[in-house]
Each structure stands twice: as C-alpha cells, then as structure tokens.
Amino acid sequence: MPSSTPSTGDRVLFGHSSGGLVALEAARRASVDRLILYEPAILVGEHRKDTGLAARMQEFLDEGEREEAVKLYFRVADGTDDVEQWPIWPDCVALVETMVRENRAIEAYCLDDDLDVSAPALLLTGEEGPEHLRAATQALDDALDDSRLVELDGVGHGGISRAPELVANEVRSFLRETRPS
C-alpha cells in the first residue's frame with residue numbers, strides 16, 4: 001500500500017483563501033504534482049458585481065479605524081462576526097494593510113474558463129463556507145480538467161484551523177489516490 005504522504009521530490013502545493021489563489025497561479029506557471037485548494041479567494045458570477053471590500057476597508061483605515069476594517073474583512077470574506085473571540089485577535093489587526101492589498105488583487109482577478117494546470121487538484125469547500133467562496137470553488141472545479149471537489153460537512157471557511165483532522169483526512173486520501181508515476 002502506498003504511503004499517505006508525499007515522497008521526497010513530490011511537488012504538492014496547498015493554498016487556503018488568498019493563498020489558494022496564489023497557489024493556483026503558481027501551479028499554472030510551475031510544475032507541480034498535485035494541487036490542493038481550500039476555498040480559494042476568487043470572485044465569480046454574481047459575486048464579481050459585489051466588489052469593493054478593499055475600498056470599504058481603506059475608508060476605515062483612512063478614519064483610523066483599523067479594528068473596524070479587520071472586522072469588516074472577516075464579516076464579508078469569512079462570514080464571521082466573532083473574530084474578536086479568535087486566538088488571532090487582536091494581533092491580526094497589524095496585517096490590515098496587507099488584507100486591503102490582497103483584496104484589491106482578488107477583486108481584479110478573473111478566472112479563466114479553461115485553466116492550464118496539469119496536476120490533479122483537490123478542491124475543498126466547507127458546507128458552511130461563504131457563498132462567494134463556495135461558488136468560486138465550484139467554478140474552479142468546472143474550469144480544471146482533473147479536479148475533485150469535496151464539500152466538508154459542518155465546516156466553514158476556517159476549516160483548516162477549526163477542523164484540521166477533517167481537512168487532513170481528505171488531503172491524505174487525495175495524496176494516496178493520486179501518486180505521481
């Protein structure tokens with residue numbers, strides 16, 4: 001039975017949220033053996049019309065309301081109203097300028113209908129994830145030639161930290177089943 005972990009030399013790329021968008025673009029340009037994306041931050045369909053998060057966050061920054069900008073980000077991008085209860089609070093407020101820049105890039109990005117990614121891809125979405133990210137993950141599944149879409153029950157956008165074993169089980173299964181030749 002093959003190992004459930006990549007062997008030395010396997011090029012496995014994992015990305016979550018905005019990191020998922022970065023990983024997708026990296027996989028288009030570099031040779032990878034497998035690609036794993038958890039709710040990549042891509043806007044598709046009707047959700048492309050509702051851009052402007054970066055500008056709204058910038059308004060809060062311009063008013064000196066750094067915490068409010070971060071709360072807005074998590075409310076819109078992650079679907080949560082309780083970021084103040086997370087272990088990352090208030091340290092994440094120091095990253096607000098980066099969050100604004102990332103959102104500008106996300107708002108400018110357009111998903112191609114036919115992506116040139118040769119690696120098999122595992123696309124993960126949470127049953128309770130934000131609708132715009134669930135729609136993006138489905139659109140990405142449609143655009144890739146070799147992908148598997150898995151919806152995780154009872155999990156939202158923060159599944160990698162809130163349900164790590166559930167995510168890890170799917171990743172291990174995918175890695176076992178898609179060993180490079």
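The structure presented is a predicted model; accordingly, all values stated were derived computationally and were not measured.
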Show your working on side-chain hydrogen bond (donor to acceptor under 3.5 Å, both in side chains) between N103 and E107 and close with a plain yes or no. CA-CA 6 Å; N103 276 284; E107 291 168 4; over 6 Å; no
Decide yes or no on side chain to side chain contact (heavy atoms under 4.5 Å, CB included) for R104 and Q58, but give the supporting numbers first. CA-CA 10 Å; R104 284 190 183 118; Q58 187 63 54; 3.3 Å; yes
Side chain to side chain contact (heavy atoms under 4.5 Å, CB included) evaluation trace for R34 with L122: CA-CA 8 Å; R34 282 149 312 166; L122 173 62; over 6 Å; no
Check step by step if side chain to side chain contact (heavy atoms under 4.5 Å, CB included) holds for L166 and E170. CA-CA 7 Å; L166 186 60; E170 291 298 334; 5.5 Å; no
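Residues A23 and L13 approach most closely at O-CD2, 3.3 Å, considering heavy atoms. Closest of all the heavy-atom pairs between L133 and A77 is CD1-O, 3.6 Å. Considering all non-hydrogen atoms of both residues, R148 and S173 come closest at NH1-OG, 4.3 Å. Nearest heavy atoms, E102 versus S18: OE1-OG, 3.3 Å. The shortest non-hydrogen separation linking A136 to P40 is CB-O, 4.0 Å. In terms of heavy atoms, I160 sits closest to Y38 at CG2-CD1, 4.0 Å.
Applying the ring-ring contact (aromatic ring centres under 6.0 Å, His included) test to every pair with at least one member in residues 80-119, sequence neighbours left out, gives these pairs: F74-W86.
Looking only at distances, a side-chain donor or acceptor of T80 sits under 3.5 Å from a matching main-chain atom of D82. Here the side chain of S147 pairs no donor or acceptor atom with the backbone of A121 at under 3.5 angstrom. Remark: the backbone N or O of G158 is not paired with any side-chain donor or acceptor of H16 at under 3.5 angstrom. Under the 3.5 Å distance criterion, the side-chain polar atoms of D33 are left unmatched by any main-chain donor or acceptor of V12.
Residues L24 and I42 are in side-chain contact: their nearest non-hydrogen atoms beyond the backbone lie under 4.5 Å apart. For the pair L140/L115, a side-chain contact is recorded, criterion being any heavy-atom separation below 4.5 Å from C-beta on. Between L53 and I106, every side-chain heavy-atom pair lies at or beyond the 4.5 Å cut-off. No side-chain heavy atom of R134 sits under 4.5 Å from any side-chain heavy atom of T137. Taking the side chain as every heavy atom from C-beta outward, E127 and V155 never approach each other to under 4.5 Å. Within the 4.5 Å cutoff, side-chain heavy atoms of D112 are placed close to those of R28.
When the shell of 6.0 Å around CG of D116 is examined, it contains 12 or fewer heavy atoms from other residues, nucleotides or ligands.
Note: S17 OG to L37 CG = 11.0 Å, rounded to the nearest 0.5 Å. With rounding to the nearest 0.5 Å, the separation of CZ in F14 from CG in L175 is 10.5 Å. Of the inter-residue distances, the one linking E84 atom CD with E67 atom CD reads 7.0 Å to the nearest 0.5 angstrom.
Electrostatic pairing of E97 and R66 counts as a salt bridge here, judged by a charged N lying under 4.0 Å from a carboxylate O. A salt bridge does not link R56 with E59: every distance from a Lys NZ or Arg NE/NH1/NH2 to an Asp or Glu carboxylate oxygen is 4.0 Å or more.
Residue L123 is not grouped with residue V22 when hydrophobic side chains (ILVMFWY) are merged at heavy-atom distances under 4.5 angstrom, including chains of intermediate members.
For R75, the side chain to side chain contact (heavy atoms under 4.5 Å, CB included) partners two or more places apart in sequence, or in a different chain, are K71, L72, D81.
In this model, a donor atom of one side chain and an acceptor atom of the other lie less than 3.5 Å apart for T125 and E39.
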